Amino acid sequence: MLIEVTQAQLELPAPVDSAIVSTPRRVLKYAEPYLYLLPAVVGLGLWIYRPLVETFTYSFYRWNLLPTTPKVNVGWSNYSTLLHTSALWQAVGTSGFFLVGLLLFGLVLPLLIATLAQHVSPRASSFYRAVIFLPVLVSPIVTATIWEFLLSPVGGFVDTVLGWLGFAHTNWLQQLNTAKYSIAITSGWKVLGVSVLVITAGLAAISTEYFEAAEVDGASRAQTFRRVTLPLLSPTLLFMFITVVLLSSQIIFPLINALTQGGPEGSTTDIYYFLYQYGFQSFNVGLA
């Protein structure tokens, strides 16, 4: 039986250029990581960088935030006014003071507490860390309310105890020489717990072999701490340093707003509360 084969059936398909097929795949392969990053980049651009650019443009206008009021272009006048405002430099100094206080409570004291906690029993160490961490769970407004009662000049716990010791009554939040220290201590109490927890985790990650080797070499506790513990703990300390600096405004601003409103005489006004006063109290968006 003969089978007839037509000419069309004998024709083979035309060869496909491999470069044309591989080019889209290659592009997709290299673009895939950027496609995963695209949602985050769009979010940063929409919610971070766009407002920053708009804020910069507002600095050249006089405006009170009302959509019915036109923006008046004043050029560099806002910058000149601000740089000649003495309250600005006072706020910058106050911000530096609060930042140093936060670093003291966020790095130095947690390092000492976490180191000392290694030399007590595990049950006692867990109890102490839980007590120290408790303020982290309290909201800033509740923290401000607690400390307002503690520092009250009428029946406050701190003033009562100092009165038993023979000290004069002090209005901690309204006196010029004590209000700034009160805010620093309150904000430090708020950040202390999480710092102790992170540094304790960093100490636990250090192998005991290093300490055993130092003990065999005859190193004292101070030498071991300085030459073994601190170098190995430096990444954790750097992380906490960056965290405290970045979160300082979120920690301190609610406490200032609830306890002192920037007073007395601007002694507790940091740069962020200074911005808030211009932007949302005086409604001067350009200066803010």
Side-chain angles (χ1 to χ4, degrees), residues 48-49 51-67 69-106 139-141 143-145 147-148 150-153 158 170-191 241-288:
I48 301 296
Y49 296 112
L52 284 176
V53 173
E54 290 184 356
T55 300
F56 178 70
T57 58
Y58 288 156
S59 66
F60 296 100
Y61 291 88
R62 184 171 65 248
W63 187 41
N64 62 358
L65 277 177
L66 295 178
T69 304
K71 297 188 287 289
V72 180
N73 193 331
V74 294
W76 295 92
S77 175
N78 287 328
Y79 289 92
S80 177
T81 301
L82 190 64
L83 292 176
H84 290 85
T85 302
S86 59
L88 169 68
W89 307 111
Q90 182 182 3
V92 171
T94 303
S95 299
F97 176 84
F98 288 150
L99 183 58
V100 171
L102 272 182
L103 290 176
L104 175 64
F105 282 92
S139 69
I141 298 302
T143 299
T145 303
W147 279 93
E148 188 173 16
L150 293 175
L151 298 175
S152 174
V158 175
T170 304
N171 193 343
W172 298 95
L173 296 174
Q174 298 301 324
Q175 290 188 5
L176 194 62
N177 58 339
T178 58
K180 189 159 58 174
Y181 293 94
S182 301
I183 295 294
I185 292 173
T186 305
S187 59
W189 180 75
K190 179 70 177 171
V191 79
F241 175 83
I242 296 174
T243 302
V244 169
V245 171
L246 292 179
L247 297 181
S248 60
S249 61
Q250 300 181 29
I251 297 171
I252 296 176
F253 178 85
L255 301 177
I256 296 175
N257 191 41
L259 292 175
T260 62
Q261 292 80 47
E265 299 180 18
S267 61
T268 59
T269 299
D270 67 348
I271 193 69
Y272 301 102
Y273 199 79
F274 190 62
L275 183 154
Y276 168 76
Q277 287 178 325
Y278 271 117
F280 299 100
Q281 290 182 345
S282 301
F283 296 103
N284 194 331
V285 177
L287 281 176

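Not measured: the values here are computed from a predicted model. In this chain, residues are counted from 1 in sequence order.
Note: Ile242 CD1 to Leu247 CG = 11.5 Å, rounded to the nearest 0.5 Å. Note that the CD1 atom of Ile183 and the CG atom of Leu151 stand 9.0 Å from one another [nearest 0.5 Å]. Rounding to the nearest 0.5 angstrom, the gap separating the CD atom in Gln90 from the CG atom in Asp270 is 11.5 Å. Residue Asn64 holds its CG atom at 10.5 Å from NZ of Lys71, rounded to the nearest 0.5 Å.
Side-chain contact annotation: Ser59 with Tyr79, donor-acceptor N/O pair under 3.5 Å present.
Residue Thr81 comes nearest to Thr85 through the heavy atom pair O-OG1, 2.7 Å, listed as atom of the first residue, atom of the second, then distance. Residues Leu259 and Ala144 approach most closely at CD2-O, 3.2 Å, considering heavy atoms. Scanning both residues, Gly279 and Leu65, for their nearest heavy atoms gives O-CD1, 3.6 Å. Nearest approach of Ala179 to Ser267, heavy atoms of both residues: CB-OG, 4.3 Å. The two residues Thr260 and Leu173 have their closest heavy-atom pair at CG2-O, 3.6 Å. Scanning all heavy atoms of the two residues, the minimum distance from Phe97 to Ala184 falls at CE2-CB, 4.0 Å.
With hydrogens and angles ignored, the 3.5 Å screen pairs no side-chain donor or acceptor of Trp172 with any backbone N or O of Glu148. Distance alone, capped at 3.5 Å, is enough to place a donor-acceptor pair between the Thr57 side chain and the Glu54 backbone. In this structure, the side chain of Thr178 does not engage the main chain of Gln174 through any donor-acceptor pair within 3.5 Å. Using a distance-only test at 3.5 Å, with no hydrogens or angles considered, no donor-acceptor pair links the side chain of Asn284 to the main chain of Arg62. Side-chain N or O atoms of Ser95 include one that pairs as donor or acceptor with a backbone N or O of Ala91 at under 3.5 Å.
In this structure the side chain of Thr94 never reaches within 4.5 angstrom of the side chain of Thr269, judged on heavy atoms. Residues Leu88 and Ile271 have side chains in contact (heavy-atom distance under 4.5 Å, counting atoms from C-beta outward). Residues Ile252 and Tyr272 fail the side-chain proximity criterion, which asks for heavy atoms closer than 4.5 Å. Here the side chains of Val285 and Tyr61 are not in contact, with every heavy-atom distance at 4.5 Å or above. A heavy-atom distance below 4.5 Å is found between the side chains of Ile256 and Phe98.
A tilted orientation is assigned to the rings of Trp63 and Tyr58, their planes being inclined by 30° to 60°. Aromatic ring pairs are classed by plane angle as parallel below 30°, tilted from 30° to 60° and perpendicular above 60°; the pair Phe274 and Tyr278 is perpendicular.
A search for ring pair (Phe, Tyr, Trp, His ring centres under 6.0 Å) contacts involving Phe253 returns Tyr273, Tyr276, not counting sequence neighbours. Under the salt bridge (charged side-chain N to carboxylate O under 4.0 Å, His left out) criterion, Glu265 pairs with no residue at all, not counting sequence neighbours.
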